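Have a look at the structure below, then the notes.
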Amino acid sequence: MAFDLMVGKSSKVKDSPDIVGSIDFDDLPAISRLLQRVDSFFLHRVSNLFNDQAFSTEEIEQALRHLLPLLTKQCKPDEQAILHKLISVLAYAKSKQQSLYGVAD
């Protein structure tokens with residue numbers, strides 16, 4: 001099972017969102033360890049792989065403010081990998097000025 005991360009007007013196929021990443025069960029331990037470093041609403045919500053999520057442009061900005069400082073911290077390789085993935089997805093959504101959707105499949 002994966003949690004697909006999409007950017008667009010909506011997560012509906014008719015709106016042709018861009019699928020820009022995914023989160024798998026294997027990523028959850030690293031996300032949990034990142035949550036021990038920062039209390040981020042974004043990490044909490046994307047770690048729930050069973051519920052669809054929607055993030056507004058304001059929430060994307062807030063999530064970046066929480067996650068970007070972690071880039072300078074010493075992290076384990078899997079934490080660094082998921083951090084880079086999530087920041088990349090958030091940066092893409094910010095550059096497109098569109099919402100981010102997490103869709104359980």
Side-chain angles (χ1 to χ4, degrees):
M1 173 173 182
F3 186 74
D4 292 328
L5 299 167
M6 303 175 184
V7 173
K9 295 177 187 174
S10 81
S11 62
K12 307 260 188 263
V13 173
K14 69 179 176 85
D15 290 327
S16 302
D18 297 330
I19 301 172
V20 293
S22 67
I23 298 172
D24 297 309
F25 282 118
D26 294 342
D27 296 320
L28 291 180
I31 292 173
S32 293
R33 288 193 306 275
L34 289 174
L35 274 165
Q36 293 173 353
R37 296 173 183 262
V38 63
D39 184 23
S40 168
F41 76 97
F42 181 75
L43 292 176
H44 280 289
R45 287 175 54 190
V46 298
S47 65
N48 185 352
L49 304 183
F50 300 105
N51 293 324
D52 291 352
Q53 301 288 335
F55 300 95
S56 67
T57 54
E58 294 82 18
E59 289 174 314
I60 291 165
E61 290 281 344
Q62 185 181 6
L64 282 167
R65 284 193 303 271
H66 289 162
L67 298 183
L68 285 172
L70 292 176
L71 287 174
T72 62
K73 307 294 182 197
Q74 188 170 356
C75 295
K76 293 182 178 185
D78 61 339
E79 294 169 353
Q80 199 73 22
I82 192 67
L83 185 60
H84 285 163
K85 180 190 296 189
L86 294 174
I87 289 172
S88 296
V89 166
L90 290 164
Y92 182 82
K94 181 179 175 179
S95 74
K96 299 283 280 187
Q97 297 181 356
Q98 294 183 324
S99 296
L100 173 65
Y101 301 92
V103 179
D105 65 0

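If you're wondering where the values come from, they're calculated on a predicted model, not measured in any experiment.
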Whether F41 and H66 hold their rings parallel, tilted or perpendicular, with breakpoints at 30° and 60°: perpendicular
Atom pair CG/CG of L83 and L67 - distance to nearest 0.5 Å: 6.0 Å
Side-chain touch L100/Q53, heavy atoms, less than 4.5 angstrom: no
ILVMFWY network linking V13 to F3, side-chain heavy atoms under 4.5 angstrom: no
Closest approach of L64 to A91 (non-hydrogen atoms, all atoms of both residues): CD2-N, 4.4 Å
Closest contact, heavy atoms only, L35 versus S40: CD2-O, 3.8 Å
Carboxylate-amine/guanidinium proximity below 4.0 Å for R45 and E59: yes
Which atom of I60 lies closest to which atom of L90, heavy atoms considered: CG2-O, 3.5 Å
Reported OH-to-CD distance for the pair Y92 and Q98, which is rounded to 0.5 angstrom: 7.5 Å
For P17 against S10, the heavy-atom pair lying closest together: CB-O, 3.3 Å
Hydrophobic cluster membership, I87 vs M6, 4.5 Å side-chain cutoff: no
Reported OG-to-CZ distance for the pair S47 and F25, which is rounded to 0.5 angstrom: 11.5 Å
R37 and E79: CA distance, side-chain angles, deciding distance, side-chain contact (heavy atoms from CB on, under 4.5 Å) verdict: CA-CA 11 Å; R37 296 173 183 262; E79 294 169 353; 3.4 Å; yes
Heavy-atom side-chain contact between D78 and D26 under 4.5 Å: no
Close side-chain approach of L86 and L5, heavy atoms under 4.5 Å: yes
Straight-line distance of L28 CG to R33 CZ, nearest 0.5 Å: 11.0 Å
Cluster overlap L49 with I19, hydrophobic side-chain contacts below 4.5 Å: no
Within 6.0 Å of NZ in K85, more than 12 heavy atoms from elsewhere: yes
Backbone N/O of K9 and side chain of Y101: donor-acceptor pair under 3.5 Å: yes
Under 3.5 Å: donor-acceptor pair, side chain of D52, backbone of V103: no
Side-chain heavy-atom pair I31, I23 within 4.5 angstrom cut-off: yes
Closest non-hydrogen atom pair between C75 and L34, with its separation: SG-CD2, 4.4 Å
